[in-house]
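When reading the values below, keep in mind they use all heavy atoms of this one structure, side chains included, and skip hydrogens, waters and symmetry mates.
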2 protein chains.
Amino acid sequence: MMAPKIKDVAKQAGVSVTTVSRVLNGEKYVKDDLKIRVQRAIDELGYSPSHIARSLVRKKTNLIGVIVPDVTSSFYSTILSTIEKTASHNDYNLLVCNIIEDTDKELKYLQVFQQMRVDGIIIMHEKLNDEIRELLNKLSIPIIFSSVKPVDQKFMSVIIDDYAAAYDATRHLIELGHTRIGFLGGDMRDITSGQNRYAGYCRALADCGIDVPEGYIRFGDYKTQSGYEKMKEMLTQESYPTAVFAVSDDMAVGALNCIHDHGLRVPEHLSVIGFDGSQLTEQVRPRLTSMQQPILEMGKVTVDKLLELIEDQKDSPTEDVILQHKLVVRDSCKNLKSSVEA
Amino acid sequence: MMAPKIKDVAKQAGVSVTTVSRVLNGEKYVKDDLKIRVQRAIDELGYSPSHIARSLVRKKTNLIGVIVPDVTSSFYSTILSTIEKTASHNDYNLLVCNIIEDTDKELKYLQVFQQMRVDGIIIMHEKLNDEIRELLNKLSIPIIFSSVKPVDQKFMSVIIDDYAAAYDATRHLIELGHTRIGFLGGDMRDITSGQNRYAGYCRALADCGIDVPEGYIRFGDYKTQSGYEKMKEMLTQESYPTAVFAVSDDMAVGALNCIHDHGLRVPEHLSVIGFDGSQLTEQVRPRLTSMQQPILEMGKVTVDKLLELIEDQKDSPTEDVILQHKLVVRDSCKNLKSSVEA
DNA sequence: CTGAAAGCGCTTACAG
DNA sequence: CTGAAAGCGCTTACAG
């Protein structure tokens, strides 16, 4: 049995399809009795309007394409969930693409988004190759970046000040009396989460006249596994730091585990500070001190801004939105000064 | 500037739209020179075919609607990522809905899926109310359940044998010499992950003639937080168990943390076994012994089976797929027997 | 091998 | 307040 179409409803109700369309769209100027007849026909037939036919004529799909680096990451899964919530709240639906560093897949998805005529696109990574940049630029679909700010982009980003956040995180360790401060960094091809966080770390050290051996600085891929491995490299050196700043909570947890497996204790032997403020911070012991991004707000603002871009159409203000970061102290950092006094 | 349409391409190439459509769809029976002219016109114009117009006539959207209880859960985020991977591999795209126990949202999404004319639906929870059941039954869209088997459903499920898995997990603790075995359960309105796992636990105890105080048995909502709270209730009793079986890794981690915060150690004072085999098991210390679901396989098989349903159309075999569970021993359970001998 | 025409299921001027 | 008709951007018989 074919699904009923608007024509069937019209016949059943004894009106024109135009009228059915009108009550479907809640227009006024339909007499009550007709409205009722139409409604009854709809119910009797179990009619459900085709969103796709509708999209074709309205030139609006209410679809948002989302590109996430990795949904299993504690940070991205959380931001995705609030993006979904906000979108759904505004009657938009999400087409999600999980690219696992797979550039071909990303390109393909971007093309799919184009063909699907999504109303907007949210991108949450910054490792854009030339082919992708080119496509992005000719796409004529509103695009917004969330949590990252790729270089050379005309698109709006919703981010924190990663440089300042990394600076503040490092300063926190310094204020606790640490001078041998290791760094578990991200991918230096990433401006936002790679370079900026590294620069913040370096600057904080420099401002305090602290020098750090090369071996204290390692770069990974933000994941737990790489945090573990890079920490391991650090621990197997002759000398190792008294504190480590990891640029993601996942990496920090990897470091936590590595330290534990090496028979050392956090924060007694080694302090660890993470970045993101994801739910993982509370799921591990010791609970992880972390530089928190306002994840929920970030997701919400991203969607809100994107919807503005979609609705406005015109020369939308491309100004970035910078949200506030915030240090959340938990149990993974030791105060060297107070222990001296004690 | 309006996006070019097939008509523009046809004009540019000096052929009919039919011919353009043919080369677009890779049909043979198009002379090479025409094919080349069309291709050039497409490139010059930057033409991207409208998937939505296409869907309208083909009556196929290549869309799969997915209903996830909570993408931030370690289990669901992982299964979602493999579902996405498999779908994308087969040129299907995902419309994801994150229902957070929000029945209204779920119903609304189901209706959206219907209006979107998705080709298939994947549902990963079993708390179906009457309204939703009714809609599901008249939907005439292939539906498949993943990781759960709701009661009274004619739809196919891809699951493990939760009863057996819970039985085996409990038996593992018994074999290690435990007799005071607590239970951190799920929602008893859930057949699969609530009732079945509880039944498996009870049966294992019964088979070994073990009796357990009522206070050793608590029910939560699968999340870390509730694992923590329920464990706390157990620990503040006069007597508490020597081992606990939690029906999700997230809950088990909550238990781990609670035990830690109470100054007790795992597994020395208390053993903990989880369920799911999610990545969390390796992210915590001690690493969590867990009854593993084949998450990746489960996601893949779910999509594969759904695609079969979509392609077959006919009276598709509704037989459930039962995947193998597997105990993965890590560091969170103590062998009471060997410690006696030691 | 190629094209004119009908049709997918809606909405939206336009007329009345 | 209501309806006939055109059109959204494609694909698919049908003819040739």
Can you list everything that forms a side-chain contact (heavy atoms from CB on, under 4.5 Å) with B/Lys105? Sequence neighbours excluded, please.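 Applying side-chain contact (heavy atoms from CB on, under 4.5 Å) to B/Lys105 gives A/Glu84, A/Ser88, B/Asp102, B/Tyr109.
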State plainly whether the residues [X] and [Y] are in salt-bridge range, i.e. N to O under 4.0 Å.
X        : Y        : result
B/Arg189 : B/Asp187 : yes
B/Lys149 : B/Glu126 : no
B/Asp91  : A/Lys108 : yes

Any salt bridge (charged side-chain N to carboxylate O under 4.0 Å, His left out) involving residues 53-82 of chain A? Give me the pairs, sequence neighbours left out, ordered by first then second residue. A/Lys60-A/Asp119
Considering only heavy atoms of chain B and a distance under 4.0 Å, specify the first and last nucleotide of DNA chain C in 5' to 3' order that meet this criterion. C/dC1 to C/dC10
Tell me which residues in residues 50-64 of chain B lie within less than 4.0 Å of DNA chain C, going by non-hydrogen atoms. B/Leu56, B/Val57, B/Lys59
Consecutive-pair stems (3 or more, Watson-Crick or G-U, under 3.5 Å) for DNA chain D: C:1-3 with D:14-16, C:5-12 with D:5-12, C:14-16 with D:1-3
Please give me every residue in residues 11-22 of chain B whose heavy atoms get under 4.0 Å of an atom in DNA chain D, ordered by residue number.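 Of all residues in residues 11-22 of chain B, the ones placing a heavy atom under 4.0 Å from DNA chain D are B/Thr18, B/Ser21, B/Arg22.
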Is the number of heavy atoms from other residues, nucleotides or ligands under 6.0 Å of A/Lys300 NZ greater than 12? no
Does any non-hydrogen side-chain atom of A/Val158 lie less than 4.5 Å from one of A/Leu323? yes
Answer yes or no: is there a side-chain heavy-atom contact under 4.5 Å between B/Ile295 and B/Phe75?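 Yes. Closest side-chain heavy atoms under 4.5 Å.
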Report yes or no: do [X] and [Y] form a side-chain donor-acceptor pair below 3.5 Å?
X        : Y        : result
B/Glu131 : B/Thr103 : no
B/Tyr222 : B/Ser73  : no
A/Ser21  : A/Thr18  : no

Give a yes or no on whether the backbone of A/Ser74 and the side-chain of A/Thr78 come within a donor-acceptor separation of less than 3.5 Å. yes
